[in-house]
Amino acid sequence: MPVREPASTGLPAADLPEVYRTMVTARLMDERCLTLQRQGRIGFYVPLQGQEAAQVGCGWALDPADWIFPAYRELAVALCRKIPLELLIDQFIGNAGDDLKGRQMPNHFGYRRFRFVPASSPVGTQIIHAVGTAMAARWKEERIATVTFFGDGTTSSNDFHSGLNFAGVYKAPTIFFCQNNQWAISLPRARQTASETLAEKATAYGIPGVVVDGMDVHAVYRAVALARERAVSGGGPTLIEAQVYRLGPHTSSDDPTRYRSDAEVDLWKAKDPVRLLRAELIGSGALSEESDRALWESIRAQIAAAVKAAEATPPVDPLTMFDDVYAQRTPRLESERAEMVESIGRRGNRP
Amino acid sequence: MSELTLVQAVNHALAQAMRSDPDVLVLGEDIGPNGGVFRATEGLFKEFGADRVIDTPLSETGIVGAAIGMALYGLKPVAEIQFLDFIYPAFDQIVSELAKFRYRSGGQYPCHVVIRTPYGGGVKGGLYHSQSSEAYFAHTAGLKVVVPSNPADAKGLLLTAIFDEDPVIFLEPKRIYRSVTGEVPDGDVRVPFGEAATVREGSDVSVFAYGAMVPPSLKAAEAIQSEGIRAEVIDLRSLVPLDEASVIASVEKTGRAVIVHEAPRFVGFGAELAAILAEKALYSLKSPVLRVAGYDTPFPYALENQYLPGPERIAHAIRTAVRSG
């Protein structure tokens with residue numbers, strides 16, 4: 001179905017320096033956090049290198065009231081929501097400053113006050129949640145969209161199917177934002193599905209599907225702004241396939257040299273979204289080599305300060321383990337908690 | 001008071017909750033104009049409309065997943081899964097998402113969904129319309145698991161479930177949906193979780209049962225009275241949270257325990273009860289704890305009456321418990 005494009009869907013030029021800063025922050029967080037993982041200072045890390053334009057282009061086109069249902073790779077979307085770096089690193093460490101109370105692996109952060117729902121590790125389960133929340137919001141006449149993030153591999157999951165199907169039936173104001181980064185751990189995109197594109201799967205659910213160059217922040221912003229407009233004006237859901245490339249490993253536990261060639265990675269590095277936007281800004285005079293160097297240095301310093309502060313935050317209190325299983329602790333949990341109090345009294349906080 | 005069947009009591013609880021709270025809605029397969037395949041949602045579509053009585057596509061993961069999204073937003077969804085046997089496509093949503101949302105978000109996102117579903121055998125339902133898999137859910141931290149055995153409890157426990165702050169798996173014994181009627185209080189009268197009911201007092205042996213196993217347990221207790229055995233029958237009502245104090249107190253009084261459920265015996269809920277008694281009431285026991293349960297086979301269609309614990313098998317276990325110590 002043809003979608004008429006409103007005039008206001010371009011990424012405003014005035015926003016570009018901030019968009020660039022956010023993308024560079026994501027790039028530098030990746031570098032720093034992978035190192036922290038190698039040094040044993042955080043347990044795990046999920047990098048997003050190569051997906052900065054897709055995530056920031058999408059995040060930038062959303063309203064702060066829109067609900068975000070991320071997978072576990074959406075750090076740059078979190079940065080668009082202005083979630084402080086120290087708070088994210090608190091989560092990576094799982095310390096007393098972590099809103100999740102140290103209960104989840106790194107990158108599974110989430111914050112109710114930012115309408116950023118904490119991810120789980122099974123892929124795709126969040127897709128149908130986004131649809132349920134969208135149905136509820138529309139019923140309550142709140143003019144918002146819900147946006148859910150997932151990768152190419154997830155399009156094979158049960159909940160991709162149930163989510164898109166429900167959204168089509170109920171015309172839910174949901175944006176399905178698929179970052180096709182070409183690899184689902186070791187499985188290439190061509191082995192994931194015989195469909196030519198992932199976006200065309202939308203047709204079967206009676207909803208529009210759009211392919212967009214995910215290395216181009218302008219193109220992503222425009223596609224998401226259009227989808228959002230459709231969603232909040234009652235037009236229903238959209239599936240967006242942002243074609244990107246995961247330049248790094250799947251996670252800190254992955255070795256991509258086992259399944260893909262350096263030549264392929266080099267091919268995509270030429271389209272590195274951070275370098276592309278940098279070249280554009282230097283070309284337009286909005287950025288100079290010198291101001292760019294200063295920008296990277298200042299962000300590095302910010303990250304270093306956030307890491308330092310997070311590492312100085314005390315560890316999570318072991319007795320919180322028994323909280324939030326239920327609204328109130330059951331008698332069983334009370335007795336297990338008492339057992340732990342006694343055990344800590346006996347041997348200190350040692351295993 | 002009204003004289004209702006168990007399924008009518010479920011229907012009254014849903015209507016009562018929806019009238020008193022505009023955020024309560026129901027969703028599931030065939031629950032709209034059709035009123036549900038067991039008629040549990042009869043009349044609700046007419047009274048509350050399509051926005052609050054939502055007929056869904058045929059997808060259990062979709063039903064539970066959408067209900068989770070609604071609950072995150074702040075609504076109080078009650079999802080119907082047509083048969084417990086068909087809940088497994090939604091298992092990931094239930095154990096990975098519903099049960100863990102409050103915990104994994106550090107308490108930021110309570111996720112209050114009630115999943116109502118008919119369970120159990122005795123209706124000529126064969127392998128896939130008869131199973132009793134409460135143990136999977138009782139084993140998952142974060143879920144509450146409730147099983148009524150009579151119309152009054154069905155209404156009172158369901159109202160508690162709908163207004164509880166935690167996710168609840170509400171198992172409805174379909175075998176006794178219509179076979180008995182009972183007095184049910186009108187209005188918003190709730191039965192609290194975590195309180196077992198002593199449905200028959202006795203001093204010689206404690207029989208623990210829930211759901212559709214309560215009526216045959218009572219029958220067995222009555223039948224065996226002529227042999228001079230006074231059996232106490234405890235209806236657990238909620239498996240999670242479990243009223244451990246009542247379980248232990250009863251065995252401290254009687255010294256003997258028989259546990260009845262229709263699920264397979266191996267790693268069934270009865271195993272946990274037996275373990276609790278071994279840990280906390282061993283010195284009160286005069287004879288071994290016995291279990292009367294479904295056999296460790298899939299559920300057999302033609303042989304369901306042999307498979308399901310009935311009054312004879314339960315009475316035999318009671319007799320054995322009393323005579324062996």
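Since we're looking at a predicted model, the values are computed, not measured. Quick note on labels: first sequence line is chain A, next is B, and so on, each numbered from 1.
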Does some side-chain heavy atom of Trp139(A) sit less than 4.5 Å from a side-chain heavy atom of Met70(B)? no

Show the nearest heavy-atom pair for residues Phe101(B) and Pro118(A), with the distance to one decimal. CE2-O, 4.3 Å

Give, as side chain, backbone, both or neither, the part of [X] having an atom under 4.5 angstrom from any heavy atom of chain B.
X         : result
Val131(A) : neither
Asp98(A)  : neither
Thr330(A) : side chain
Met321(A) : both
Ala130(A) : neither

Does [X] reach the main-chain N or O of [Y] with its side chain, forming a donor-acceptor pair under 3.5 Å?
X         : Y         : answer
Asp324(A) : Arg102(B) : no
Arg103(A) : Tyr103(B) : yes
Tyr326(A) : Glu165(B) : no
Gln93(B)  : Thr125(A) : yes

What part of [X] lies closer than 4.5 angstrom to a heavy atom of chain A: side chain, backbone, both or neither?
X         : answer
Leu72(B)  : both
Lys144(B) : both
Leu58(B)  : neither
Gln108(B) : both
Asp243(B) : neither
Val64(B)  : neither
Leu242(B) : neither

Point-to-point distance, once rounded to the nearest 0.5 Å, from CE of Met135(A) to CG of Leu27(B):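 Answer for the CE-CG pair, Met135(A) versus Leu27(B), is 7.0 Å.
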
State the NE2-CD distance between His129(A) and Glu97(B), to the nearest 0.5 angstrom.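 The NE2 atom of His129(A) sits 4.0 Å away from the CD atom of Glu97(B).
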
Most chain A-contacting option - heavy-atom pairs closer than 4.5 Å, from [options]:
options                                 : value
Pro77(B), Gly107(B), Gly142(B)          : Gly142(B)
Ile63(B), Thr61(B), Val240(B)           : Thr61(B)
Ala141(B), Pro22(B), Ser59(B), Gly65(B) : Gly65(B)

Which one of Ala136(A), Ser162(A), Gly102(A) has the most heavy-atom pairs closer than 4.5 Å to chain B?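 Most heavy-atom pairs under 4.5 Å with chain B: Ala136(A).
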
